[in-house]
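The figures here come from the full heavy-atom set of this structure, side chains too, leaving out hydrogens, waters and symmetry mates.
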Amino acid sequence: MFIKENRIIDEQGRVLLLRGCNVAGSSKVPFTPHGETWRKDSLQNPESVSFIGRPFPLDTADEHLDKLASWGFNLIRFVITWEAIEHAGPGIYDEAYLAYVRKILKKCEDRGIWVYMDPHQDVWSRWTGGDGAPAWTLEKIGIRLDRIYRTGAALTHQEIGDPLPKMMWPTNYNRYAAATMFTLFFAGNVFAPACTIDGQSAQDWLQERYIAAFRHCYRRLKDCKAIIGWGAMNEPHQGFIGYRDLSGLENNSIALGPIPSAFQAMAAASGYSVEIPVYKTGIFGTRITGMHTLNNEGLSLFQEGFTCPWKTAGVWSDERGAPVLLKKDYFSSYQGRKVNFTEDFLKPFIKKFQERMREVNPEAFVFIEGIPNGDHPSWHKEDGPGAIHAFHWYDGATLFSKTFNPYVSVRADNRKIVIGKKAVLKSFIDQLSDDMEWAKEHMNNAPCLLGEFGLPFDLFNKRAYKTGNYTRHIQALDMYYTAIERLFLHATIWNYTPDNTHARGDGWNDEDLSIVGEGKPRAMQGWMRPFPRATAGIPELFSWDYRRKSCVFVYTSSSHEAGSTELFINDFHVGPNPNIEITVESLENQGREVQPGKDTLQYGWDRAKGIFYLVNPEKPSRIILRIQG
């Protein structure tokens with residue numbers, strides 16, 4: 001597999017289309033003891049957890065992978081966390097877990113399923129309201145784990161309890177613990193040079209430990225031919241970097257509930273009680289609805305002998321007995337100009353990560369992510385080969401409201417209201433197209449993969465779980481996939497969680513986006529779709545109408561030796577006796593139609609595998625395939 005222009009090509013010279021799934025949502029938390037975020041004791045004894053069993057126990061792996069393959073998925077975005085590898089302490093790797101992962105990936109290889117490894121994090125770690133980093137990364141800069149919630153440095157499901165407010169977890173990016181860790185990780189050398197860990201700068205120490213852990217993981221998985229590449233970090237965040245005024249709210253994905261300004265977060269972490277605003281965001285904008293007291297106990301977040309690194313850096317002071325902001329724009333400039341997080345800090349980290357991983361496999365792709373709904377790093381030829389723009393996109397209005405109306409939406413990029421079903425679909429296409437255009441203009445025309453998109457299945461207060469009616473879910477997923485299909489975009493839906501339940505969703509922060517629930521697929525008509533998985537030529541058009549059971553695929557064939565074109569389609573889509581119509585237009589005869597026959601074009605259909613094969617005619621042609629159920 002290699003990249004040519006902006007396409008991914010297989011060893012037969014065919015244009016590949018990668019369609020798959022993130023596996024799994026529950027891989028964010030330990031398997032033993034059960035680490036689901038609703039369990040109040042799930043943050044205890046962080047050094048002794050195990051992720052063996054994520055995404056599924058080994059004795060059930062064949063069953064799950066056979067399902068994924070039967071649904072047409074040829075790519076898995078495999079969720080793996082830093083904590084899963086190195087939870088016991090710096091340099092102490094969980095070799096048993098890595099051996100388990102290797103066995104899972106070898107089973108993927110047996111089924112012809114490719115794997116893209118995803119070093120996953122959300123708001124830094126489980127102790128800061130998300131997942132990803134081991135607990136000891138926080139302790140190394142002096143943070144007391146038992147005071148993170150009490151000082152307002154993070155909100156966790158474990159401490160808040162049920163019900164967890166909808167989509168509250170992303171607001172942790174603006175709270176002290178996650179924002180500080182991201183700032184130190186990406187730019188500690190610039191903004192906190194006095195902050196050190198074991199005699200090394202915090203940035204260098206954290207990045208070295210992170211990269212070394214995943215490089216060690218890759219070395220253990222070196223013979224897993226299913227792996228086509230690695231991401232460097234899921235949904236990286238800039239922390240405080242770029243703030244123009246630390247007394248306000250910036251770098252946020254949404255203003256929802258009580259959120260401190262950066263300065264208020266710093267003061268609270270050092271033992272001061274502060275009054276912070278409570279936000280509400282709707283289609284008409286954001287407003288403050290009240291005030292909330294942060295750290296009303298007056299506790300310090302820090303262990304004895306440690307202090308806030310931003311206080312040490314001179315960002316703020318309490319020399320006169322009260323916190324005072326001294327440098328409100330401290331994080332806004334770099335080298336005498338306006339800071340650019342993605343170019344100044346994220347891109348150098350990705351390059352460093354890529355270089356170390358290529359020591360294991362020089363052919364591995366690098367899947368590059370920027371800030372969700374934000375800036376992406378550029379990538380040029382001299383930055384290294386094998387780059388894929390792996391952006392994320394969600395229908396934000398549906399994700400946050402847990403409702404779906406095909407006739408009304410709010411754009412995720414500019415939050416403008418869209419009215420009308422055709423206009424809503426067009427807005428989905430335009431948003432995805434904008435990210436693809438970025439890759440064309442700023443990433444050396446790199447291929448694009450939609451690494452995450454999906455749907456909360458608990459729409460309308462879980463109504464479908466009672467009625468069994470998933471019509472709205474199918475409508476939403478159909479519109480998402482139609483946009484993806486129009487653009488021939490590689491994509492992996494979020495997500496497949498085999499232990500999802502209707503009561504607890506994916507087991508993490510009350511998210512419920514798994515395409516299976518209670519062990520059964522949900523709204524399959526929306527996401528199990530035909531697609532051209534390998535084209536011996538150049539694909540021009542593909543469309544699928546699940547209501548009419550109608551599939552149209554148009555492509556320009558290449559030479560006869562290029563191998564067969566393969567379309568994933570089976571009885572689920574078009575029934576047992578569909579009408580098949582193939583038109584071959586010769587490119588050498590000014591488009592004059594040539595009737596198909598065994599001398600011009602051969603085809604076959606492996607119904608068991610769901611693969612429709614087309615063997616190209618001897619001469620380059622335009623081929624139009626119609627299958628009508």
**Verdict with supporting geometry, Trp71 and His573, ring-ring contact (aromatic ring centres under 6.0 Å, His included)** = CA-CA 11 Å; Trp71 295 336; His573 301 115; over 10 Å; no
**Message:** Could you walk me through whether Tyr210 and Trp82 satisfy the ring-ring contact (aromatic ring centres under 6.0 Å, His included) test, starting with their C-alpha distance in whole Å, then the side-chain angles of each, then the deciding distance to 0.1 Å, before giving a yes or no?
**Reply:** CA-CA 7 Å; Tyr210 180 95; Trp82 185 4; 5.2 Å; yes
**Prompt:** For the atom pair CG (Leu98) and CD1 (Ile80), what is the distance rounded to the nearest 0.5 Å?
**Reply:** 6.5 Å
**Asked** Any chance the side chains of Trp393 and Glu452 put a donor and an acceptor closer than 3.5 Å?
**Response** no
**Smallest separation among heavy atoms of Pro456 and Leu399, with atom names** = CG-CA, 4.1 Å
**Message:** Does this structure show an ion pair linking Glu109 with Lys225, if we count only N-O contacts that are shorter than 4.0 Å?
**Reply:** no
**Request:** List the steps and the verdict of side-chain contact (heavy atoms from CB on, under 4.5 Å) for Asn74 and Ile113.
**Result:** CA-CA 5 Å; Asn74 59 6; Ile113 298 175; over 6 Å; no
**Message:** Within the structure provided, determine whether Asn361 and Arg219 are in side-chain contact (heavy-atom separation under 4.5 Å).
**Reply:** no
**Message:** Check this for me, if you would: do Arg504 and Glu36 make a salt bridge, where the nitrogen-to-carboxylate-oxygen distance has to be below 4.0 angstrom?
**Reply:** no
**Asked** Hey, do the aromatic rings of Tyr480 and Phe428 have their centres closer than 6.0 Å?
**Response** yes
**Message:** Under the criterion ring-ring contact (aromatic ring centres under 6.0 Å, His included), I'd like the reasoning laid out for Phe531 against Phe553: C-alpha separation, chi angles, the key distance, then a yes or no.
**Reply:** CA-CA 9 Å; Phe531 72 99; Phe553 178 41; over 10 Å; no
**Side chain proximity check, Glu518 to Asn500, heavy atoms < 4.5 angstrom** = no
**Item:** Lys402 side chain reached by Lys166 side chain, heavy atoms, under 4.5 Å
**Value:** yes
**Request:** Verify the distance criterion only: is there a donor paired with an acceptor across the side chains of Asp395 and Thr398 at less than 3.5 Å?
**Result:** yes
**Asked** When Ile211 is tested against each of His216, Arg356, Gln354, Met357 for side-chain contact (heavy atoms from CB on, under 4.5 Å), which residue passes?
**Response** Arg356
**Message:** With a 6.0 Å cut-off on the ring centroids, do Phe51 and Phe31 count as close?
**Reply:** no
**Request:** Over all heavy atoms of both residues, which pair between Ala439 and Cys448 is shortest? Give the atoms and the distance, please.
**Result:** CB-SG, 3.5 Å
**Item:** NZ (Lys426) with more than 12 external heavy atoms under 6.0 Å
**Value:** no
**Fill in**
Closest heavy-atom pair, Asp545 versus Arg547, reported as atoms and distance to 0.1 Å, is OD1-N, 3.0 Å
**Sidechain N-carboxylate O distance under 4.0 Å for Asp118, Arg77** = yes
**Message:** Do Ile228 and Leu75 make a side-chain contact, defined as non-hydrogen atoms from C-beta onward lying under 4.5 Å apart?
**Reply:** yes
**Asked** What about Phe349 and Phe185, are their ring centers closer than 6.0 Å?
**Response** yes
**Message:** Between Tyr218 and Arg358, is there a side-chain donor-acceptor contact under 3.5 Å, judged purely by atom types and distance?
**Reply:** no
**Asked** Are the charged groups of Lys106 and Asp110 less than 4.0 angstrom apart, N to O?
**Response** no
**Message:** Centre-to-centre under 6.0 Å for Tyr116 and Phe78, is that the case here?
**Reply:** no
**Message:** Using every non-hydrogen atom in the two residues, find where Phe572 and Met524 come nearest and quote the distance to one decimal.
**Reply:** CZ-CB, 3.8 Å
**Request:** Return the minimal non-hydrogen interatomic distance between Gln158 and Lys40, and the atom names on each side.
**Result:** O-NZ, 3.4 Å
**Asked** Taking the six-membered ring for Trp, are the ring centroids of His120 and Trp494 within less than 6.0 Å of each other?
**Response** yes
**CZ on Phe400 to OG1 on Thr281, rounded to 0.5 Å** = 9.0 Å
**Message:** Applying ring-ring contact (aromatic ring centres under 6.0 Å, His included) to Trp169 and Trp124, what does each step give before you reach the verdict?
**Reply:** CA-CA 11 Å; Trp169 69 262; Trp124 189 258; over 10 Å; no
**Message:** Treating His87 as the side-chain partner and Val49 as the backbone partner, does any N or O pair qualify as donor plus acceptor under 3.5 Å?
**Reply:** yes
**Prompt:** Can you check whether Phe453 and His392 have ring centres sitting under 6.0 Å from each other?
**Reply:** no
**Message:** Is any side-chain heavy atom of Arg522 closer than 4.5 Å to one of Tyr465?
**Reply:** yes
**Prompt:** Is the backbone N or O of Ile429 less than 3.5 Å from a side-chain atom of Ser433, with the two atoms forming a donor-acceptor pair by type?
**Reply:** no
**Asked** Is a donor on one side and an acceptor on the other found under 3.5 Å between the side chain of Ser514 and the backbone of Thr497?
**Response** yes
**Asked** So do Gln121 and His237 actually touch side chain to side chain, heavy atoms under 4.5 Å?
**Response** no
**Prompt:** Within a strict 4.5 Å, meaning less than it, do heavy atoms of the Trp508 and Glu511 side chains meet?
**Reply:** yes
**Prompt:** Between Phe365 and Phe367, how do the two ring planes meet: parallel, tilted or perpendicular, split at 30° and 60°?
**Reply:** perpendicular
**Asked** Counting heavy atoms not belonging to Asp223, are there more than 12 under 6.0 Å from its CG?
**Response** yes
**Message:** Could you walk me through whether Arg209 and Leu206 satisfy the side-chain contact (heavy atoms from CB on, under 4.5 Å) test, starting with their C-alpha distance in whole Å, then the side-chain angles of each, then the deciding distance to 0.1 Å, before giving a yes or no?
**Reply:** CA-CA 5 Å; Arg209 289 263 51 86; Leu206 289 167; over 6 Å; no
**Complete:** Which of Asp499, Thr81, Thr32 passes side chain to side chain donor-acceptor pair (under 3.5 Å) with Arg54? It is Asp499
**Check ion pair Asp413-Arg411 (N to O, under 4.0 angstrom)** = yes
**Message:** Within a 6.0 Å radius of atom CZ on Phe460, are there more than 12 heavy atoms belonging to other residues, nucleotides or ligands?
**Reply:** yes
**Request:** Look up atom CD in Glu86 and atom OH in Tyr97, then write down how far apart they are to the nearest 0.5 Å.
**Result:** 13.0 Å
**From CG (Leu16) to CG (Leu18), nearest 0.5 Å** = 6.0 Å
**Message:** Side chains of Asn174 and Asn252: any donor to acceptor distance under 3.5 Å?
**Reply:** no
**Fill in**
Rounding to 0.5 Å, atoms SG (Cys217) and CD1 (Ile85) come to a distance of 4.0 Å
**Request:** Nearest 0.5 Å please: distance from the CZ atom of Phe457 over to the CG atom of Asp506.
**Result:** 9.5 Å
**Message:** Aromatic contact between His64 and Tyr496, with the criterion being ring centroids under 6.0 Å apart: yes or no?
**Reply:** yes
**Message:** For a 4.5 angstrom cut-off between non-hydrogen side-chain atoms, does Thr128 reach Asn172?
**Reply:** no
**Fill in**
For Pro119 and Phe353 the tightest heavy-atom approach is CG-CZ, 4.2 Å
**Message:** Evaluate Asp458 against Lys462 for salt bridge (charged side-chain N to carboxylate O under 4.0 Å, His left out), listing each step before the verdict.
**Reply:** CA-CA 4 Å; Asp458 53 344; Lys462 304 186 179 183; 5.6 Å; no
**Message:** If you count every heavy atom of other residues, nucleotides or ligands that lies below 6.0 Å from Lys67 atom NZ, does the total exceed 12?
**Reply:** yes
**Request:** Decide side-chain contact (heavy atoms from CB on, under 4.5 Å) for Ile9 and Ile3; before the verdict, give the C-alpha distance in whole Å, the side-chain angles of both, and the deciding distance to 0.1 Å.
**Result:** CA-CA 6 Å; Ile9 311 297; Ile3 293 172; over 6 Å; no
